[in-house]
Amino acid sequence: MEVKDYGDVAHYYDPAYAAKTDLQDVSFYVKQAKKYGGPVLEIACGTGRVLLEIAKLGLETTGVDFCEKFLEILRNKTQGENVSLHHADMRDFSLEKKFALVTIPFRPLQHMYTFEDQVKALTCARNHMADDGVLVFDVFYPLWHKILEDVNTEQLELEWQDPKNPQRTIKRSFIRTEANPFYQFFCGEFIFRTFENDQMIQEERSKLKMSFYTYPQMQALIKCCGFEIMEEYGSFDETPIADGPEMIFVVKKA
Ligand SMILES: C[S@@+](CC[C@H](N)C(=O)[O-])C[C@H]1O[C@@H](n2cnc3c(N)ncnc32)[C@H](O)[C@@H]1O
């Protein structure tokens with residue numbers, strides 16, 4: 001299935017997620033890297049929000065993403081020699097190398113919309129794991145009522161100052177345009193509005209499609225792809241998985 005990359009608004013990624021103070025995943029992934037060691041592969045690494053923090057530990061770190069714009073931003077932030085980057089689709093790549101730790105942080109598996117693509121992505125991750133390697137990834141726990149109820153209601157999510165021009169504020173809203181509970185996906189649009197002295201001077205939109213998973217579905221997918229669950233959490237503070245709001249899995253080869 002065709003998937004869209006988000007390169008058109010890639011320049012907003014770092015400032016937006018720096019403003020998202022409730023996103024506490026980086027220290028969790030850094031902890032996994034300290035525990036399992038390198039080399040580390042991050043699949044769908046984006047602009048390196050997580051990858052660069054792991055590279056700072058001195059571990060050999062590899063990133064893969066299919067969005068060249070994200071990789072370009074990441075390359076410009078890279079200093080050390082211990083980071084290598086590859087432009088590839090997470091469903092189909094081969095690095096001819098095995099990793100002690102493979103990660104897929106911040107929901108890239110929710111960009112896999114069909115069972116076939118989900119299996120391809122997890123199988124590809126597995127193919128890059130050392131025999132005793134570990135895969136860590138997260139998806140969100142779907143609040144069905146919220147996903148279904150708020151269609152066509154624009155929500156202001158994040159707001160930050162333009163790092164290049166402090167007179168400007170950027171506000172990111174999200175509007176869900178479709179929610180499909182049968183096929184378990186929703187579509188929507190991020191709306192980025194730039195304000196200068198309270199006047200809107202620019203509006204940019206970027207479409208988003210995300211799948212979502214139930215817990216039993218995740219268990220079946222993990223098993224079907226040849227993994228065994230070692231640990232599972234409902235938050236990056238390692239609370240029980242049934243408490244949500246995330247579904248975080250640490251798995252090994254079965
Ligand atoms: C929410 S971002 C997460 C980025 C990064 N892991 C982080 O934690 O900030 C989702 C990432 O998945 C990537 N992505 C989506 N579909 C992909 C695919 N088919 N192959 C490779 N990367 C993909 C996007 O380009 C984007 O960088």
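Whatever order the structure lists ligands and atoms in, that order sets their numbers, starting from 1.
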Mind checking whether [X] contacts ligand 1 via backbone (N, CA, C, O), side chain (CB onward), both or neither, at a 4.0 Å heavy-atom cut-off?
X: Glu42; value: side chain
X: Ala121; value: neither
X: Val50; value: side chain
X: Tyr17; value: neither

Check: [X]/[Y] side-chain N/O donor and acceptor closer than 3.5 Å:
X: Gln202; Y: Glu204; value: yes
X: Gln184; Y: Gln217; value: yes
X: Asp138; Y: Tyr29; value: yes
X: Asp14; Y: Thr47; value: yes

Answer with yes or no whether the hydrophobic clustering places Tyr215 together with Leu143; edges join I, L, V, M, F, W, Y residues whose side-chain heavy atoms lie under 4.5 Å apart.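 Both belong to a single hydrophobic cluster.
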
A cation-pi test, strictly: NZ or CZ of Lys209 under 6.0 Å from the centre of the six-membered ring of Tyr113 and no more than 45 degrees from its axis. Yes or no?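 Yes - Lys209 lies over the ring of Tyr113, closer than 6.0 Å to its centre and within 45° of its axis.
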
Do any N/O atoms on [X] end up under 3.5 angstrom from N/O atoms on ligand 1?
X: Arg91; result: no
X: Arg49; result: yes
X: Asp65; result: yes
X: Phe106; result: no

Considering Phe137, Phe93, Phe66 one by one, which has a heavy atom nearer to atom 23 (C) of ligand 1 than any of the others?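 When every heavy atom of Phe137, Phe93, Phe66 is considered, Phe66 comes closest to atom 23 (C) of ligand 1.
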
Option set Met90, His87, Lys69, criterion heavy-atom distance to atom 20 (N) of ligand 1, minimum: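 Minimum heavy-atom distance to atom 20 (N) of ligand 1 goes to Met90.
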
Is Asn82 reaching over with its side chain to a backbone N or O of Leu59, donor-acceptor style, under 3.5 angstrom?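 Yes.
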
Short question: side chain of Thr177, backbone of Cys187 - any donor-acceptor pair under 3.5 Å?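 Yes, Thr177 side chain to Cys187 backbone: donor-acceptor pair under 3.5 Å.
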
Just which atoms of ligand 1 are under 4.0 Å from any heavy atom in [X]?
X: Gly46; value: 4 (C), 27 (O)
X: Met112; value: 19 (N)
X: Cys67; value: 25 (O)
X: Ala88; value: 20 (N), 21 (C)
X: Phe70; value: 25 (O), 26 (C), 27 (O)

For atom OH of Tyr213, decide whether the heavy atoms of other residues, nucleotides or ligands shown that lie under 6.0 angstrom number more than 12.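 It does: Tyr213 OH has more than 12 such atoms within range.
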
Please check if the number of heavy atoms outside Lys223 that lie under 6.0 Å from its NZ is greater than 12.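 Open: at most 12 neighbouring heavy atoms sit under 6.0 Å from NZ of Lys223.
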
